[in-house]
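Only a predicted model underlies this, so the values are computations on that prediction, with no experimental measurement involved. For ligands, and for the atoms within them, numbers begin at 1 and follow the listed sequence.
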Amino acid sequence: MTRADAAVTLRGVSRVYGRGAAAVRAVNDVTVEFPRGGWTAVMGPSGSGKSTLLHCAAGLERVDSGQVLLGDTDLTAARDRELTALRRTRIGFVFQSFNLIGSLTAAQNVALPLRLAGRRPRGSEVRETLAAVGLADRARHRPRELSGGQQQRVAIARAMVTRPDVLFADEPTGALDSSAARTVLDLMRQMADAGQSIVMVTHDPAAAARADAVIFLRDGRVVDRLTGAGPREVADRLAGWEAAR
Ligand SMILES: Nc1ncnc2c1ncn2[C@@H]1O[C@H](COP(=O)(O)OP(=O)(O)OP(=O)(O)O)[C@@H](O)[C@H]1O
Ligand SMILES: [Mg+2]
């Protein structure tokens with residue numbers, strides 16, 4: 001894969017928490033490419049570094065060594081202001097807990113990234129983005145008036161309204177029942193089929209199997225990779241790495 005085909009490239013990335021004897025190498029010398037227009041799932045045992053890897057790849061957290069490239073843009077070389085601007089315009093992030101602002105309507109939540117980027121949101125782009133996640137008729141609802149699945153779809157709309165190069169999602173279905181999870185995964189599949197690059201952490205083999213590829217982390221390292229695998233194969237591989245010592 002050439003760099004132009006990669007939405008995000010990590011080269012020898014490490015992230016260490018704490019110092020001395022207490023130091024935890026949460027991400028340990030990871031080199032990986034997330035393909036443009038592809039959906040990659042990240043799996044691994046609890047504490048294996050999945051969230052840390054995602055935060056480093058999305059420029060939410062600085063790395064201690066190595067390089068993170070968004071397309072050809074070196075996030076590790078970017079100054080704080082530049083990194084903030086990149087995060088607001090070229091990166092979307094979705095959390096397990098939705099993180100919507102409770103006092104704002106769905107439409108206002110979706111418009112927020114545009115406002116933060118210094119733009120006056122057009123009503124039509126907010127409406128279209130909500131329509132794209134199937135919530136055209138919920139624009140004036142506040143988060144507490146929406147189901148969990150609907151709140152997560154608002155969060156996805158908020159992440160997508162700036163048309164980011166990459167959508168990152170950390171356990172986006174972790175707080176949802178299976179039917180709401182399926183709706184969210186159907187939406188992400190549709191987005192990936194339309195060419196959106198997606199990197200998603202999940203504990204759920206059925207969710208990971210909806211992606212194009214799955215990478216497995218263990219102790220901060222990428223130890224395995226599957227493409228085109230079904231839920232059963234993903235579950236078996238995950239169990240293997242959880243049992244390994
Ligand atoms: N802010 C922090 N300060 C200190 N240690 C941290 C911090 N964040 C994470 N860690 C440690 O880094 C390691 C990786 O954590 P991380 O949250 O990336 O794991 P994870 O794979 O996302 O786990 P989970 O599946 O439970 O969400 C863990 O050992 C964790 O305790
Ligand atoms: Mg995590």
**Asked** To which protein heavy atom is atom 15 (O) of ligand 1 closest, and what is the distance rounded to 0.1 Å?
**Response** Thr52 OG1, 3.8 Å
**Prompt:** Side chain of Arg87, backbone of Gly59: donor and acceptor closer than 3.5 Å?
**Reply:** yes
**Request:** State, yes or no, whether a side-chain contact exists between Asp219 and Asn28 at a heavy-atom distance under 4.5 Å.
**Result:** no
**Request:** Around atom 27 (O) of ligand 1, find the nearest protein heavy atom and jot down its residue, atom name and distance.
**Result:** Glu171 OE2, 3.7 Å
**Asked** What is the closest protein heavy atom to atom 17 (O) of ligand 1, and at what distance does it sit?
**Response** Ser51 CB, 3.8 Å
**Asked** For atom 28 (C) of ligand 1, what is the nearest protein heavy atom, given as residue, atom name and distance?
**Response** Gly47 O, 3.8 Å
**Request:** Specify the protein heavy atom at minimum distance from atom 12 (O) of ligand 1: its residue, its atom name, and the distance to 0.1 Å.
**Result:** Ala26 CB, 3.3 Å
**Prompt:** Of all heavy-atom pairs between Pro231 and Ala206, which one has the smallest distance, and what is that distance?
**Reply:** CB-CA, 4.1 Å
**Message:** What protein heavy atom lies closest to atom 25 (O) of ligand 1? Include the residue and the distance to one decimal.
**Reply:** Lys50 NZ, 2.7 Å
**Message:** One thing to verify: whether Arg189 and Asp193 come together as a salt bridge, which I'm taking to mean a side-chain N less than 4.0 angstrom from a carboxylate O.
**Reply:** yes
**Contact with ligand 1 for Gly49, non-hydrogen, under 4.0 angstrom** = yes
**Request:** Could you find the nearest protein heavy atom to atom 26 (O) of ligand 1 and give me its residue, atom name and distance?
**Result:** Ser46 OG, 2.6 Å
**Item:** Close approach of Ser48 to ligand 1, heavy atoms, under 4.0 angstrom
**Value:** yes
**Prompt:** Does any non-hydrogen side-chain atom of Asn99 lie less than 4.5 Å from one of Arg158?
**Reply:** yes
**Message:** With heavy-atom distances below 4.0 Å as the criterion, list the atoms of ligand 1 near Pro45.
**Reply:** 21 (O)
**Item:** Closest protein heavy atom (residue, atom, distance) for atom 11 (C) of ligand 1
**Value:** Tyr17 CD1, 3.8 Å
**Message:** Is it the case that over 12 heavy atoms from other parts of the model lie below 6.0 angstrom from the CZ atom of Arg62?
**Reply:** yes
**Message:** If I take every N, O or S atom of Ser51, is at least one of them less than 2.8 Å from the Mg ion (ligand 2)?
**Reply:** yes
**Request:** Output the list of atoms in ligand 1 that are nearer than 4.0 Å to some heavy atom of Val24, sorted by atom number.
**Result:** 12 (O), 29 (O)
**Request:** Could you tell me whether the side chain of Arg15 reaches within less than 4.5 Å of the side chain of Val13, counting heavy atoms only?
**Result:** no
**Item:** Least distance between heavy atoms, Ala229 atom then Val234 atom
**Value:** CB-CG2, 3.9 Å
**Any Gly220 heavy atom less than 4.0 Å from ligand 1** = no
**Backbone of Thr9 reached by a side-chain donor or acceptor of Gln67 within 3.5 Å** = no
**Prompt:** Distance below 4.0 Å between atom 30 (C) of ligand 1 and any protein heavy atom?
**Reply:** no
**Message:** Please list, in number order, the atoms of ligand 1 under 4.0 Å from a heavy atom of His203.
**Reply:** 25 (O)
**Asked** Between Arg210 and Asp186, is there a salt bridge with N-O shorter than 4.0 Å?
**Response** yes
